[in-house]
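Positions are given from 1, in the same order as the sequence printed here.
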Amino acid sequence: MRFSRIGHQLSPSKTEGRKQSHPNFSAMGVGRNVEGPSYRFWIKFQKQSVFAAYTPFVLSLASGRLELETFRKYIAQDVYFLRAFVQAYDMVEDCADDDDAKAAICYLRNRALEEKKMYDFSMKEWGVDLAKESSPNPATLKYTDFLLATASGKVEGGKGPARIATPFEKTKLAAYTLGAVTPCMRLYAFLGKELQSCLDPAETSHPYKKWIGSYASESFEAATMQTEEMLDKLSISLTGEELEVIERLYHEAMNLLIEFLSAQPIVHRTVVPFSRMQEPAERHLVIFSDFDSTCTVVDSSAILAEIAILTAPKADPSGPENPIVRKSSADLRSSWDVLSSQYTEEHEQWIQSIMPSERVNAFNYEGLCKALEQLSDFEKRANSRVIESGVLKGLNLEGIKRAGERLILQDGCVGFFQQIVKKKEELNADVHILSYCWCGDLIRSAFSSGGLNVLNVRSNEFAYEESISTGKILQKVESPMDKLRDFKDILKNCSEGGKRISVYIGDSVGDLLCLLEADVGIVIGSSSTLRRVGRQFGVFFVPLFPALVKKQKEFIEGVPSTWKGLTGTLYRVSSWAEIHAFILGLHNHL
């Protein structure tokens with residue numbers, strides 16, 4: 001169990017904060033007005049961009065192995081987008097309330113026309129015959145109809161446009177329209193940069209390099225920023241309620257764009273979504289996840305200690321009404337501080353003791369196992385000290401369950417597991433939680449509020465007398481070796497004789513062996529301790545998206561490729577949105 005100080009000062013294995021942005025994805029805030037609505041909306045809905053990047057179309061395009069016919073169909077459909085952009089700008093150009101705003105909208109309209117001319121050239125270059133693509137497909141129509149309806153004033157409740165006469169009404173309409181356009185510009189600028197970062201500079205034969213470069217260019221970024229600046233300017237005079245309307249339009253536009261990218265027809269098989277790489281009838285997908293700081297925002301040790309301190313008596317109680325004698329709240333806090341400090345100090349000593357004198361160049365699984373066996377002994381001694389201290393004595397089971405129900409989980413975690421459970425039969429998938437948490441009841445209650453009471457949980461458990469904890473811990477999962485034992489036992493009992501594919505999601509040193517043993521080991525977050533220990537034993541942590549681009553290329557070319565973690569490679573993500581997009585694709589993520 002990794003200890004946490006009260007007040008959320010986490011121990012060395014948990015000090016690294018969990019960012020909700022995507023560090024392996026480009027930063028998109030340089031030079032932008034971080035106070036304006038365009039930036040706020042992008043940050044709020046940025047996780048949607050992950051689902052766009054992980055669509056089979058975008059991934060195949062990035063790999064350079066997208067079928068030419070699919071790309072031609074995409075270009076033909078994208079022309080309808082550009083036409084709608086030009087039409088929308090025409091409709092609202094006169095709505096701007098000053099000459100500068102009018103000039104800016106006119107510039108954006110001309111920029112869209114220039115892009116359309118570029119597409120006209122591209123269509124000739126790629127052999128696209130627009131006459132054969134006589135009409136937009138349903139996904140294209142959903143966005144273009146939405147955009148033009150917005151530009152005509154059909155925004156709230158599907159009502160027809162009211163009489164737009166006053167300067168304020170015109171400004172509002174222009175702002176609404178920019179709210180529906182801006183996410184398209186920003187998403188394409190985002191994807192252009194991400195895909196370009198995955199290109200091999202030495203490769204000259206990538207057929208879509210020029211297309212990617214056009215959206216990764218400084219000129220497209222400048223046009224995107226001008227669109228955002230225009231939205232920010234038009235929004236200055238709007239009310240809070242009207243800004244909420246723009247936010248809804250922005251979000252809807254993002255979702256429709258992702259649907260558009262997802263709707264592009266792919267003939268070949270792709271490595272995403274991972275759950276579809278093989279038919280469910282051919283394999284059993286087994287998903288494992290750690291709990292503390294993988295699923296949670298705060299380590300559960302801090303939560304349990306806080307419950308103990310807050311529910312403890314002010315002074316030492318005695319008498320027949322107290323069958324389990326408890327320490328006072330002041331004594332509990334003092335004891336917990338001592339335990340936390342001792343854990344932190346000894347954990348750092350363990351790290352120093354297991355570090356090889358020189359960093360290895362090859363994956364050293366045997367050496368890592370020996371080092372983690374030492375960690376196992378350390379973790380068990382730490383837990384024994386907690387039991388002997390009595391800090392967990394006297395906790396009420398109902399209070400623990402209520403705390404679990406209120407426990408804040410990582411953004412997207414519950415939604416991911418809910419989709420796995422909902423699609424259990426379709427995906428032929430199971431989920432298992434493997435955790436050092438002292439109290440399995442806390443984990444089960446944390447997931448029960450999301451309808452996830454069916455998840456399989458393996459952790460330590462409290463011992464109770466009449467629903468009151470005795471201070472004892474039933475020590476079942478205390479170390480990396482215990483987790484690995486349970487991981488192997490579960491896999492052994494799953495689909496006897498059938499093919500199993502395992503995914504393990506974790507964030508700390510204690511997860512390393514399971515991460516490496518799984519077919520796909522996914523590291524979430526930014527634990528420097530995990531990377532520090534792993535790299536010393538030859539473990540590589542690679543961003544998931546670029547790795548998928550490479551694997552897609554190999555997949556199409558028939559190059560043998562393995563996901564197996566025991567090669568020493570783990571896949572790094574920073575959000576549950578990435579995990580969801582990788583494993584499940586667009587399964588009800590919206």
Side-chain angles (χ1 to χ4, degrees), residues 22 24-26 50-71 74 191-213 216 261-262 264-280 282-283 285 287 361-363 365 499-505 515-523 534 538-573 578-586:
H22 314 293
N24 53 313
F25 280 57
S26 298
V50 175
F51 289 91
Y54 280 76
T55 56
F57 170 76
V58 172
L59 187 69
S60 296
L61 189 146
S63 73
R65 298 305 181 264
L66 179 71
E67 309 99 326
L68 180 57
E69 187 58 29
T70 296
F71 187 70
Y74 160 77
L191 290 175
K193 289 181 173 62
E194 295 314 315
L195 301 195
Q196 189 172 62
S197 70
C198 295
L199 296 179
D200 182 353
E203 184 179 2
T204 59
S205 60
H206 194 298
Y208 309 116
K209 191 172 184 177
K210 183 177 179 181
W211 182 93
I212 292 171
L261 294 171
S262 181
Q264 302 310 307
I266 302 294
V267 176
H268 58 249
R269 301 190 73 176
T270 62
V271 296
V272 290
F274 183 74
S275 60
R276 297 297 188 189
M277 278 193 68
Q278 292 176 296
E279 294 301 322
E282 298 174 2
R283 58 96 183 104
L285 178 61
I287 298 174
N361 295 319
F363 178 44
Y365 184 72
K499 185 174 182 180
R500 300 181 298 269
I501 297 179
S502 59
V503 176
Y504 190 95
I505 305 161
L515 285 163
L516 291 165
E517 188 72 30
D519 292 307
V520 182
I522 298 178
V523 176
V539 178
F540 291 92
F541 300 87
V542 300
L544 179 59
F545 183 71
L548 290 177
V549 172
K550 181 181 178 181
K551 284 188 176 294
Q552 182 62 38
K553 181 179 178 181
E554 295 171 344
F555 189 59
I556 296 300
E557 294 175 350
V559 177
S561 179
T562 179
W563 288 97
K564 191 66 176 177
L566 282 176
T567 58
T569 299
L570 300 177
Y571 302 99
R572 178 167 56 83
V573 303
E578 271 193 87
I579 297 172
H580 190 144
F582 166 53
I583 296 178
L584 296 176
L586 295 179

From [X] atom [atom1] to [Y] atom [atom2], the distance as rounded to the nearest 0.5 Å:
X	Y	atom1	atom2	answer
Leu66	Ile266	CG	CD1	5.0 Å
Lys551	Ile556	NZ	CD1	14.0 Å
Tyr208	Leu68	OH	CG	5.0 Å

Nearest non-hydrogen partners of [X] and [Y], listed with the distance:
X	Y	answer
Cys198	Val549	SG-CG2, 4.1 Å
Ser502	Ala518	OG-CA, 3.4 Å
Gln196	Gly213	NE2-CA, 3.9 Å
Phe545	Leu195	CZ-CD2, 3.8 Å
Leu61	His206	O-CE1, 3.3 Å
Val272	Tyr54	CG2-O, 3.3 Å

Quick check: are there more than 12 heavy atoms from other residues, nucleotides or ligands sitting under 6.0 Å from NZ of Lys209?
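For Lys209, atom NZ is crowded (more than 12 foreign heavy atoms under 6.0 Å).
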
Within-4.5 Å side-chain heavy-atom neighbours: [X] and [Y]:
X	Y	result
Phe540	Arg572	no
Tyr571	Val523	no
Val50	Phe582	no
Leu59	Phe57	no
Phe363	Thr567	no
Ile287	Tyr504	no

Give a yes or no answer on whether the side chain of [X] reaches the backbone of [Y] with a donor-acceptor pair at less than 3.5 Å.
X	Y	result
Arg283	Met277	no
Ser275	Ile583	yes
His580	Leu586	no
Asp519	Val503	no
Ser262	Thr55	no
Gln552	Val271	yes

side-chain contact (heavy atoms from CB on, under 4.5 Å) assessment of Lys550 paired with Lys553
CA-CA 5 Å; Lys550 181 181 178 181; Lys553 181 179 178 181; 5.8 Å; no

Report the C-alpha distance between Tyr74 and Glu69 in whole Å, list the side-chain angles of each, state the deciding distance to 0.1 Å, and finish with yes or no for side-chain contact (heavy atoms from CB on, under 4.5 Å).
CA-CA 9 Å; Tyr74 160 77; Glu69 187 58 29; over 6 Å; no

Report the relative orientation of the aromatic rings in Trp211 and Phe71; use parallel for angles under 30°, tilted for 30 to 60°, perpendicular for over 60°.
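If you compare the ring of Trp211 with that of Phe71, the planes turn out perpendicular.
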
Identified side-chain hydrogen bond (donor to acceptor under 3.5 Å, both in side chains) counterpart of Ser60 within the set Arg65, His268, Glu67, Gln264
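That would be His268.
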
Just to verify, which of Ile505, Leu544, Leu584 counts as forming a side-chain contact (heavy atoms from CB on, under 4.5 Å) with Ile579?
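Between Ile579 and the candidates, side-chain contact (heavy atoms from CB on, under 4.5 Å) is satisfied uniquely by Ile505.
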
